[in-house]
S.K.: 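The structure is given below, and queries will be raised subsequently.
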Amino acid sequence: MTDYEIVIGLETHIQLNTTTKIFCSCKADSWFDPPNTNICPVCTGLPGVLPVLNQAVVEKGMLLAAAMHAEIQPVSYFDRKNYFYPDLPKGFQISQYDRSLARGGYLDLPMPSGYVRRVSIHKLHMEEDAGKTKNAGRERLIDFNRCGVPLVEMVTGPDLRSADEAAQYLIRLRQLLRWIGVSEADMEKGHLRCDANVSIRPRGADYLNPKTEIKNVNSIEAVRDAIEHEAARQIREVEAGNRIEAWTLEWDEDAGVLRKMRSKETEADYRYFREPDLLSLPITDEWKERVLAGLPELPLERRARFMQAYGLPEYDADILTGERNLSDYFEAAVQAYGGDPKRVSNWLMNDLLRMLNDTGRTADQLKVTPQYLAEILKLVDANTVNTSTGKALLAKVDQSGKAPRAIVEEEGLAQVSDDSAIRAVVQEVLNESPKEVESYRAGKVTLMGWFVGQVMKKMRGKADPSLARGILEELLGGG
Amino acid sequence: MELCDLSAYEIAQHVRSQKATAVQVLESCLERIQKVDGRPGALDAGELTAEDRLRVHAFITLTEERARAQAEEVDRKVAAGEDPGLLAGVPVSIKDIFCVQGTPSTAASRILANFVSPYTATSVARMEEQGALVLGKVNLDEFTYGSSNESSAFQPCPRNPWNLNHVVGGSSGGSAASVAAGEVALSLGTDTAGSIRQPAAFCGVVGLKPTYGRVSRYGLIAFGSSLDCPGPMARDVTDAAMMLQTIAGPDPKDATSATVPVPDYIEALEEGVQGLRIGLSPDYFRIAIPDARTGKYHTEPVPAEFEQAVLRAAQVLAEMGAEIIEDVPMPNARYGIPAYFVISRVEAASNLHRFDGVKYGYRTQRTPADLRDLYRKTRAEGFGLQPKLRILMGMYVSAAQYSEQYYQRALRVRTLIRRDFDQAFDPDGAVYVDALLTPTTPTPAFPLEAVYGDSVMMQYADQLTVPANHAGIPGVSLPGGLTAEGLPIGIQLLGPDFREDTLLRIGRAYEVATQDDPWRQEEPQSAHL
């Protein structure tokens with residue numbers, strides 16, 4: 001059997017998280033609103049209305065273009081894409097065609113198995129979303145709320161070579177969109193929608209075979225599954241001597257099957273022409289500079305820097321840069337702490353991430369600020385509290401919002417390092433446990449842990465454990 | 001003279017000084033409408049009666065209640081010493097291509113016959129803010145597609161007040177007729193290829209097409225979005241200036257509206273023409289018509305009466321101190337109509353997509369088999385001939401395989417036409433003029449039904465007006481005499497971007513100088529009904 005490789009390109013529609021729609025002042029986000037409540041004459045295409053471009057859309061588009069390393073064009077244009085559909089109230093979509101916001105660009109995907117896949121960006125443009133159509137028996141219901149919600153359409157080159165790479169692209173894209181703050185990128189809510197173009201060819205070939213387009217793959221799992229199914233189908237067809245036809249397929253996520261929507265023998269003619277109701281869109285250097293000044297260090301750059309500057313393992317760096325808040329938190333804590341960054345990473349990854357996951361918050365919402373985390377680490381380092389008290393402090397601070405040091409004082413949590421105080425308690429424990437003392441002295445040295453535990457218990461966890469152990473060893477005379 | 005025959009300027013004066021109330025003005029206009037307008041345009045109107053042939057039929061919808069409420073408000077303001085606005089008590093009609101909240105906004109098409117707009121066009125709102133009384137919506141060619149108003153789905157279509165057997169022109173025909181017949185003092189029209197200036201010329205009124213972007217298009221049901229301009233129609237230049245003053249200026253709802261400051265048009269009116277350079281172009285004294293079979297152009301001079309009217313105006317202006325520059329070259333003017341055929345139809349076809357029977361307007365009463373069938377039946381029944389022709393042609397010339405050959409080429413022609421004007425208006429150019437003086441149309445108003453049905457010939461009625469739309473520059477048509485048959489002749493002034501003030505000033509000077517001409521004393525036929 002021939003060894004095949006899969007060739008995949010992804011078309012994504014990214015809903016920008018602006019307050020208002022792209023061409024009118026209706027609220028853009030209607031997730032919690034009933035149908036047809038965030039609408040006006042403009043976005044419902046009444047006769048005589050005109051679009052007015054929302055500047056915030058352009059600025060978010062510019063941020064995204066820059067983050068994709070695309071070249072922002074000094075002048076771009078809007079065009080009309082003409083077609084009939086009930087949820088497209090004007091009978092055309094205002095989009096960008098041959099002179100769009102940005103050109104070129106790429107996204108690097110570090111794959112878990114170690115290599116990096118560079119995915120080229122073929123197309124990046126702004127456009128308006130259409131409404132939603134719902135079939136209810138013999139009726140079609142249309143919700144215009146989504147009409148005019150700003151989108152960036154981004155199309156990759158045929159550069160992805162496996163379902164995993166496709167999934168990884170979406171994971172990295174989603175991370176990036178949230179990171180630069182241009183989209184909530186929630187696939188379930190349709191903020192990030194994806195169509196996949198799939199073809200196969202003998203490994204090593206440099207031509208492209210006819211592709212099929214899979215619509216409606218709206219989760220990362222769905223993308224992976226649908227592509228795997230489709231590639232397997234194409235291989236079966238080709239092996240059986242059949243031709244692959246340029247179908248449009250739909251992924252049924254529940255049934256886990258692909259359905260043919262239509263044959264796509266000829267491209268639809270959308271009769272694109274310049275939108276006469278909008279002027280050209282010039283982007284001056286000043287504007288671009290001002291907007292891009294707000295572009296943060298990108299996740300992959302930060303990931304590399306965390307490994308290099310802080311000596312973090314790739315695993316830690318990847319998790320800590322998974323989300324911008326978390327990575328900001330980490331850096332702020334490292335700064336405030338001044339000690340070993342790996343120690344900060346450990347505490348973050350072991351304890352704080354769990355707190356975040358349990359409560360569904362992001363790092364910036366924690367009451368344990370990076371400064372408080374650093375303070376706790378310092379308290380532990382100075383033996384003012386022991387490690388377990390330190391970890392307990394995390395929860396206390398997060399509940400009260402009080403400074404760790406204040407809680408330590410209020411609750412008397414400071415570790416006792418006073419030799420005579422610990423010595424007195426040790427003596428007490430030994431007096432109360434003659435049998436254990438005897439066993440220990442007879443050679444059962446593993447009882448040491450038990451003795452330390454007893455001392456800690458009496459001192460409500462505040463004893464310096466190593467000091468307690470030293471005194472025990474001394475008084476038990478075993479050492 | 002009745003109140004309704006006064007100019008807008010005089011009416012506002014009367015109302016402000018309490019010589020007349022706005023309500024009295026309204027009553028006078030309603031009486032005039034009652035007397036001359038006949039039955040309003042309606043769908044499925046049946047045969048024309050003998051009486052229909054003797055009426056103007058400018059209106060589709062009367063908005064008497066709206067006008068009355070406004071008139072009372074104006075009178076209240078005057079009584080209370082508040083500013084009633086520049087157009088205080090001035091009766092106006094609105095071409096039924098503008099959306100006005102709570103009124104049917106039909107575009108003279110069956111497909112929008114039942115559409116009541118939930119919002120008001122910016123230019124209409126601005127007039128009402130300045131105290132204008134909106135008496136109603138007036139007829140036009142369906143979706144503005146025509147030059148005679150005969151294509152309106154609302155019949156009887158308007159008839160020319162100067163000769164009721166002739167067309168009013170179009171597409172702002174109801175506007176021109178309502179102003180000419182004294183039913184209103186002002187009307188809001190639109191001009192895509194001459195749709196303000198040509199009916200103004202046919203009906204003997206002033207029609208101003210402003211610079212593209214000078215007046216907001218918000219609320220204007222679009223035809224050719226890159227060409228459409230709302231503008232004033234009035235009985236004299238001062239009134240046109242007052243109306244432009246009211247409606248001009250940037251609009252946050254129209255991205256193509258210009259932010260250029262609006263000058264004081266009224267103040268500039270009486271400044272005269274001393275030192276102004278006014279051009280005449282041979283390319284505007286003949287029309288070029290392609291032979292349908294060979295595609296070759298043959299040219300015909302405009303009728304002698306028209307040429308004389310323009311030359312007489314030039315002479316009058318020269319006597320007042322203007323310098324007349326002859327032989328201004330406008331070599332690309334003749335391509336205006338073919339380029340317009342292509343560009344306007346591409347935009348029109350796209351603009352008509354929204355009329356699909358889904359959201360508003362007409363929907364087929366027959367049971368559709370599926371969605372596509374709903375579209376087809378609705379659009380087949382809802383659109384008249386003109387929209388259908390334009391959709392067909394627009395879809396054809398914008399198709400991927402033809403776009404380069406037609407649409408892209410037409411856009412290049414448009415650039416050339418613009419260049420003709422840029423060169424003529426360039427202060428450092430070879431021939432520098434402040435304005436160009438031309439006939440508005442190659443013919444007077446033609447008899448009803450004489451040209452209708454010949455789409456190409458109908459379009460060539462716009463040959464002398466359409467270049468201004470391609471170029472985006474302002475143009476005004478002024479009454480310039482009467483033909484031997486007693487039909488109005490229009491003369492046109494074209495100027496550089498945003499120089500409406502210059503055009504109005506020249507127009508006003510011409511008006512003053514010809515005040516006592518015998519033709520100015522003539523009354524339209526409608527005055528004797």
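In what follows, every chain begins at residue 1, and chains take the letters A, B, ... in the order their sequences are listed. The model shown is predicted, which means the values in this text are computed figures rather than measured ones.
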S.K.: Under 4.5 Å from any heavy atom of chain B, what part of A:Ile142 do you find: side chain, backbone, both or neither?
M.R.: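 Looking at A:Ile142, just its side chain touches chain B.
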S.K.: Should A:Asp195 and A:Asn197 be marked as a side-chain hydrogen bond (donor to acceptor under 3.5 Å, both in side chains) after you check the CA-CA gap, both sets of side-chain angles, and the distance that decides it?
M.R.: CA-CA 7 Å; A:Asp195 301 334; A:Asn197 291 307; over 6 Å; no
S.K.: Decide side-chain hydrogen bond (donor to acceptor under 3.5 Å, both in side chains) for B:Arg390 and B:Asn351; before the verdict, give the C-alpha distance in whole Å, the side-chain angles of both, and the deciding distance to 0.1 Å.
M.R.: CA-CA 11 Å; B:Arg390 282 160 208 248; B:Asn351 285 330; over 6 Å; no
S.K.: Using heavy-atom distances under 4.5 Å, tell me whether B:Ser403 contacts chain A through its side chain, its backbone, both, or neither.
M.R.: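 No part of B:Ser403 comes within 4.5 Å of chain A.
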S.K.: Can you confirm if the NZ or CZ of A:Arg271 lies within 45° of the ring axis of A:Phe273 and under 6.0 Å from the centre of its six-membered ring?
M.R.: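 So A:Arg271 doesn't make the cation-pi contact.
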S.K.: Select one option (side chain, backbone, both, neither) describing which atoms of B:Lys253 are under 4.5 Å from chain A's heavy atoms.
M.R.: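 Contact with chain A is through the backbone of B:Lys253 alone.
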S.K.: Tell me which of these, B:His353, B:Gln401, B:Met395, has more heavy-atom pairs under 4.5 Å with chain A than the rest.
M.R.: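 Max contact count across the listed options: B:His353.
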S.K.: Can you tell me which portion of B:Phe98 sits under 4.5 Å from chain A's heavy atoms? Options are side chain, backbone, both or neither.
M.R.: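 Interface part for B:Phe98: neither.
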S.K.: Hey, is NZ on A:Lys260 packed in by over 12 heavy atoms from elsewhere, all under 6.0 Å?
M.R.: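 For A:Lys260, atom NZ is crowded (more than 12 foreign heavy atoms under 6.0 Å).
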S.K.: So what's closer than 4.5 Å to chain B heavy atoms on A:Ser25: side chain, backbone, both or neither?
M.R.: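 When you check distances to chain B, no heavy atom of A:Ser25 falls under 4.5 Å.
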S.K.: Report yes if some heavy atom in the side chain of A:Phe78 is under 4.5 Å from a heavy atom in the side chain of A:Gln96; otherwise report no.
M.R.: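 When only atoms from C-beta onward are counted, A:Gln96 and A:Phe78 do touch, with a gap below 4.5 Å.
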S.K.: Where on B:Val346 is there a heavy atom nearer than 4.5 Å to chain A: the side chain, the backbone, both, or neither?
M.R.: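 Both parts, heavy atoms under 4.5 Å.
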S.K.: So which of A:Leu53, A:Leu88, A:Leu46 has the largest heavy-atom pair count under 4.5 angstrom toward chain B?
M.R.: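 Greatest number of close heavy-atom pairs with chain B: A:Leu46.
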S.K.: Check whether B:Arg217 gets within reach of chain A through its side chain, its backbone, both or neither, counting any heavy atom under 4.5 Å.
M.R.: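 Both backbone and side chain.
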S.K.: Of the backbone (N, CA, C, O) and the side chain (C-beta and beyond), which part of B:Leu374 lies under 4.5 Å from a heavy atom of chain A, both, or neither?
M.R.: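 B:Leu374 has no heavy atom closer than 4.5 Å to chain A.
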S.K.: Under 4.5 Å from any heavy atom of chain A, what part of B:Ile97 do you find: side chain, backbone, both or neither?
M.R.: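 Neither; nothing under 4.5 Å.
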S.K.: Do the side chains of A:Arg274 and A:Asp98 get close enough for a salt bridge, i.e. N-O under 4.0 angstrom?
M.R.: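 The answer is yes: the pair qualifies as a salt bridge.
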S.K.: Name the region of B:Tyr360, side chain, backbone, both or neither, that has any atom closer than 4.5 Å to a heavy atom of chain A.
M.R.: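 When you check distances to chain A, only side chain atoms of B:Tyr360 fall under 4.5 Å.
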S.K.: Just checking, any donor-acceptor pair under 3.5 angstrom between side chains of B:Asn469 and B:Asp191?
M.R.: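 Yes, B:Asp191 and B:Asn469 have a side-chain donor paired with an acceptor closer than 3.5 Å.
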S.K.: Would you mind checking which part of A:Pro41 comes under 4.5 Å of any heavy atom in chain B, side chain (CB onward), backbone (N, CA, C, O), both or neither?
M.R.: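 Just its side chain gets close to chain B.
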S.K.: With chain B, which of A:Gly45, A:Pro276, A:Cys40, A:Gly48 has the greatest number of heavy-atom pairs at distances under 4.5 Å?
M.R.: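 Between A:Gly45, A:Pro276, A:Cys40, A:Gly48, the count favours A:Gly48.
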S.K.: Give, as side chain, backbone, both or neither, the part of B:Ala399 having an atom under 4.5 angstrom from any heavy atom of chain A.
M.R.: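 Both parts, heavy atoms under 4.5 Å.
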S.K.: Pick one: which of B:Ser151, B:Ser171, B:Ser109 meets side chain to side chain donor-acceptor pair (under 3.5 Å) with B:Glu142?
M.R.: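 Going through the options one by one, the only one that passes is B:Ser109.
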S.K.: Ring centres of B:Phe143 and B:Phe355 under 6.0 Å apart?
M.R.: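 Centroid separation for B:Phe143 and B:Phe355: below 6.0 Å.
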S.K.: Do you know which of A:Pro51, A:Pro89, A:Cys24 has the most heavy-atom pairs under 4.5 Å to chain B?
M.R.: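 Most heavy-atom pairs within the cutoff with chain B belong to A:Pro89.
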S.K.: I'd like to know which of B:Ala255, B:Pro252, B:Ala222 tops the heavy-atom pair count under 4.5 Å against chain A.
M.R.: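 Between B:Ala255, B:Pro252, B:Ala222, the count favours B:Ala255.
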S.K.: Taking all atoms of both residues into account, what is the closest heavy-atom pair of A:Asp79 and A:Tyr272, and its distance?
M.R.: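 Taking A:Asp79 first and A:Tyr272 second, the nearest heavy atoms are CB-CD2, 4.2 Å.
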S.K.: Inspect the surroundings of CZ in B:Arg418 and state if more than 12 heavy atoms from other residues, nucleotides or ligands are less than 6.0 Å away.
M.R.: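 Counting other residues, nucleotides and ligands, CZ of B:Arg418 exceeds 12 neighbours.
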S.K.: Using non-hydrogen atoms and a 4.5 Å limit, figure out which bit of A:Tyr270 sits close to chain B: side chain, backbone, both or neither.
M.R.: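 Nothing of A:Tyr270, per the 4.5 Å heavy-atom cut-off to chain B.
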